[in-house]
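Working notes, beginning with the structure itself.
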Amino acid sequence: MPGPTTYFDPATTSHLDPRTRDLVERRARSLGSAYRLFYRTPLEFVRGEGAHLFTADGTDYLDAYNNVPSVGHAHPRVAAAIAEQAARLSTHTRYLSRATVDYAEDLLGTFPAHLGNVMFTCTGSEANDLALRIVRAATGRRGVIVTENAYHGVTTEVAALSPSLVGADAVADWVRVVPAPTPGTDFAAAVAAAIDSLDAAGIGLGCLIVDTIFASDGVLPDAPGLAAAARAAQAAGGLLVADEVQPGFGRLGDGLWGFDRHGLVPDLVTLGKPMGNGYPVAAVVARPELVDAFAARGRYFNTFGGNTVAIAAAQATLDVVREEGLVARAARLGAVLAEGLRAIGGSVVEVRGCGLFLGVQLGDEGTAREAVNALEERRILIGASGLRNDTLKVRPPLALSDADAERLLDGLAAVLG
């Protein structure tokens, strides 16, 4: 099965304490077998604060995995904005809302001028699904190019172009999979060949979609050949979709958006996870003429996408990112972590990343799996990614402190060194 191998194995419940085993078994009966839990011993958290999660008995875990609460678990300013708006009004975008327009203008002000419209959804998966619909309406073509272990969401259409979710051999027939851009590969040539393949099949290129940190491909910040591949796709009449669901909102420590680092000129940008610090809000940012082409074929509405509570959460989150200097903090602490990780040696093969999004490549999948579980035993939460599941994914909330970074490095050194 594709995807990380650091999940809990439901066949091993016998080693769990009675209370945890009972909850795991009840969960399996009621939620079904498709869900997954992390770690050899599943964890139950009851509270979060900053970059920390707490169990019922008060045990403190350092969260170096969850980028969804981007400005920190239970950030008081975001929580207050949600509570205040929920107590006042929660309704949809078919009514005028000054706060929605204010936020839209604020958000668009962080993008290049050619990206002049924003359309709100609830999740990054929905955002990528909507982007696909816009691509097809604007280009008249449905072919999509993705990297070989990409993940872009869980809707029927987006899952069909997410090899890390369904497997590279199970993507849709209108999808072409290319190797991720790493040193020694010719990413632009691979994309050009994929364009030719789509043309030969009578499908045609609709878009090239890339997660601008290539998180599921193992965290690839340099992405050699990406800019040339993007230009080739656009020259062929396709659109460039920059998936900023994971790298966006300052995580990379170099402006708010990952596509800027590569000199890309995207036609559409998709946003998700960190946008509302955990409250479900996401978006597509697009060239207005593409939205017009989509609108000529139908209208867009999403009952909960961009509702007034979601907008309150999103505005508070964006304000916190700016006012607490979290982009600069991501750059500074990311550099500290990268330097410390490279000094560990041991089982560390390579450290890649920028800002607070780092990939620590180890020797093999088994080493990464053991490292993830050994870190959990030291009360540090981390994940794994990459085509071979051999890369630790370090992606903490941007609220990470200097003391948190030191604790993380100490734990990683103890496990990997």
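Residues: numbered from 1 along the sequence shown. On a predicted model such as this, the values are computed, not experimentally measured, just so you know.
Taking OG1 of Thr110 as the start and CG of Leu108 as the end, the distance is 7.5 Å to the nearest 0.5 Å. To the nearest 0.5 Å, atoms OG (Ser164) and CG (Asn149) are separated by 5.0 Å. One finds the CG atom of Leu161 at 8.0 Å from the OG1 atom of Thr155 (value rounded to the nearest 0.5 Å). Here the CD atom belonging to Glu148 is positioned 12.0 Å from the OG atom belonging to Ser216, to the nearest 0.5 angstrom. Taking CG of Asp404 as the reference point, atom CG of Leu62 lies at 5.0 Å (rounded to 0.5 Å). The distance from the CG atom of Leu220 to the CZ atom of Arg352 is 5.5 Å, given to the nearest 0.5 Å.
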Evaluate side chain to side chain contact (heavy atoms under 4.5 Å, CB included) for Val320 paired with Leu326, printing each intermediate quantity in order.
-> CA-CA 8 Å; Val320 168; Leu326 295 186; 4.2 Å; yes
Take Asp60 and His52, measure what side-chain hydrogen bond (donor to acceptor under 3.5 Å, both in side chains) needs, and give me the verdict at the end.
-> CA-CA 6 Å; Asp60 171 8; His52 299 260; 2.9 Å; yes
Run the numbers on Val394 and Leu408 for side chain to side chain contact (heavy atoms under 4.5 Å, CB included), then give the verdict.
-> CA-CA 10 Å; Val394 182; Leu408 176 57; 3.9 Å; yes
Derivation and outcome, side chain to side chain contact (heavy atoms under 4.5 Å, CB included), residues Thr212 and Arg261 = CA-CA 9 Å; Thr212 57; Arg261 295 183 59 253; over 6 Å; no
Show your reasoning for whether ring pair (Phe, Tyr, Trp, His ring centres under 6.0 Å) applies to Tyr39 and Tyr7.
-> CA-CA 5 Å; Tyr39 310 117; Tyr7 293 133; 9.8 Å; no
Please lay out, stage by stage, how Asn277 and Ser70 fare under the test side chain to side chain contact (heavy atoms under 4.5 Å, CB included).
-> CA-CA 5 Å; Asn277 203 48; Ser70 55; 3.8 Å; yes
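Put simply, the side chain of Arg142 never gets that close to the backbone of Gly140: no donor and acceptor are under 3.5 Å apart. Side chain of Arg299 to backbone of Ala296: no donor-acceptor contact under 3.5 angstrom is found. In this structure a side-chain-to-backbone donor-acceptor pair under 3.5 Å is missing from His262 to Leu264. Counting only distance, with no hydrogens or angles, the side chain of Glu126 and the backbone of Cys122 share a donor-acceptor pair below 3.5 Å. Of the possible polar contacts, none joining the Asp254 side chain to the Ala331 backbone as a donor-acceptor pair under 3.5 Å is found. With Glu244 contributing its side chain and Phe259 its backbone, the two residues share a donor-acceptor pair below 3.5 Å. For the pair Asn307 (side chain) and Val309 (backbone), a donor-acceptor distance under 3.5 Å is present.
Between Asp106 and Arg322 the shortest side-chain heavy-atom distance falls below 4.5 Å. No side-chain heavy atom of Val219 sits less than 4.5 Å from a side-chain heavy atom of Leu358. Within the 4.5 Å cutoff, side-chain heavy atoms of Leu398 are placed close to those of Leu356. In this structure, the side chains of Leu165 and Val154 come closer than 4.5 Å at one or more pairs of heavy atoms. Side-chain contact between Tyr103 and Val101 is absent, with no heavy-atom pair separated by less than 4.5 Å. Between Val269 and Val284 there is no side-chain heavy-atom pair separated by less than 4.5 Å. A 4.5 Å side-chain heavy-atom check between Phe304 and His92 finds every atom pair outside the cut-off. You'll find the side chain of Phe294 reaches within 4.5 Å of the side chain of Tyr300, heavy atoms only.
Thr147 and Asp217 share a donor-acceptor pair across their side chains, judged by distance under 3.5 Å alone. A side-chain N or O of Asp63 and one of His73 form a donor-acceptor pair less than 3.5 Å apart. A side-chain N or O of Asp267 and one of Gln234 form a donor-acceptor pair less than 3.5 Å apart. Side chains of Asp102 and Gln315: no donor on one and acceptor on the other come within 3.5 Å. A side-chain donor from one of Asn128 and Thr270 sits under 3.5 Å from a side-chain acceptor of the other. The closest side-chain donor-acceptor pair between Gln85 and Ser90, if any, does not fall under 3.5 angstrom. Residues Arg251 and Gln246 bring no donor and acceptor atom of their side chains to less than 3.5 Å of each other. Using modelled atom types and a 3.5 Å distance limit, the side chains of His152 and Asp243 yield a donor-acceptor pair.
Atom CD of Glu406 sits in a sparse spot, with 12 or fewer heavy atoms from other residues, nucleotides or ligands closer than 6.0 Å. Heavy atoms from other residues, nucleotides or ligands lying under 6.0 Å from CG of Leu31 number more than 12. Within 6.0 Å of CD in Glu289 there are more than 12 heavy atoms belonging to other residues, nucleotides or ligands.
For Glu377, there are no salt bridge (charged side-chain N to carboxylate O under 4.0 Å, His left out) partners at least two apart in sequence or on another chain. Partners of Phe111 under the ring-ring contact (aromatic ring centres under 6.0 Å, His included) rule, at least two apart in sequence or in another chain, are Trp257. Considering only residues two or more places apart in sequence or on other chains, Asp260 meets the salt bridge (charged side-chain N to carboxylate O under 4.0 Å, His left out) condition with none of them.
Salt-bridge annotation for Arg388 and Asp364: absent, with no side-chain N of the basic residue lying under 4.0 Å from a carboxylate O of the acidic one. Ion pairing of Asp390 with Arg369 is absent here, as no side-chain N (NZ or NE/NH1/NH2) approaches a carboxylate O to less than 4.0 Å. Ion pairing of Asp292 with Arg297 is absent here, as no side-chain N (NZ or NE/NH1/NH2) approaches a carboxylate O to less than 4.0 Å. Taking the charged nitrogens against the carboxylate oxygens, Asp402 and Arg332 do have a contact shorter than 4.0 Å, which makes a salt bridge. Looking at Glu376 and Arg40, no side-chain N of the basic residue comes within less than 4.0 Å of a carboxylate O on the acidic one, giving no salt bridge.
In this structure, Arg94 is positioned above the aromatic face of Phe301, its NZ or CZ under 6.0 Å from the six-membered ring centre and within 45° of the axis.
Listed by first and then second residue, the side-chain hydrogen bond (donor to acceptor under 3.5 Å, both in side chains) pairs involving residues 173-195 are Arg176-Ser197 (not counting sequence neighbours).
With Leu239 as reference, Leu268 is the one residue of Leu268, Leu208, Ile134 to meet the side chain to side chain contact (heavy atoms under 4.5 Å, CB included) rule. Checked against Glu157 for a side chain to side chain contact (heavy atoms under 4.5 Å, CB included), the options Leu132, Leu130, Val144 give a single hit: Leu132.
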Would you give me the side-chain donor-acceptor pairs under 3.5 Å for residues 340-349, sequence neighbours excluded?
unit_1, atom_1, unit_2, atom_2, d
Arg342, NH2, Val351, O, 3.0
Ser347, OG, Leu416, O, 3.2

Which side-chain N or O atoms in residues 42-49 pair as donor and acceptor under 3.5 Å with protein atoms at least two apart or in another chain?
unit_1, atom_1, unit_2, atom_2, d
Glu44, OE1, Arg19, NH1, 2.8
Arg47, NH1, Glu49, OE1, 3.4

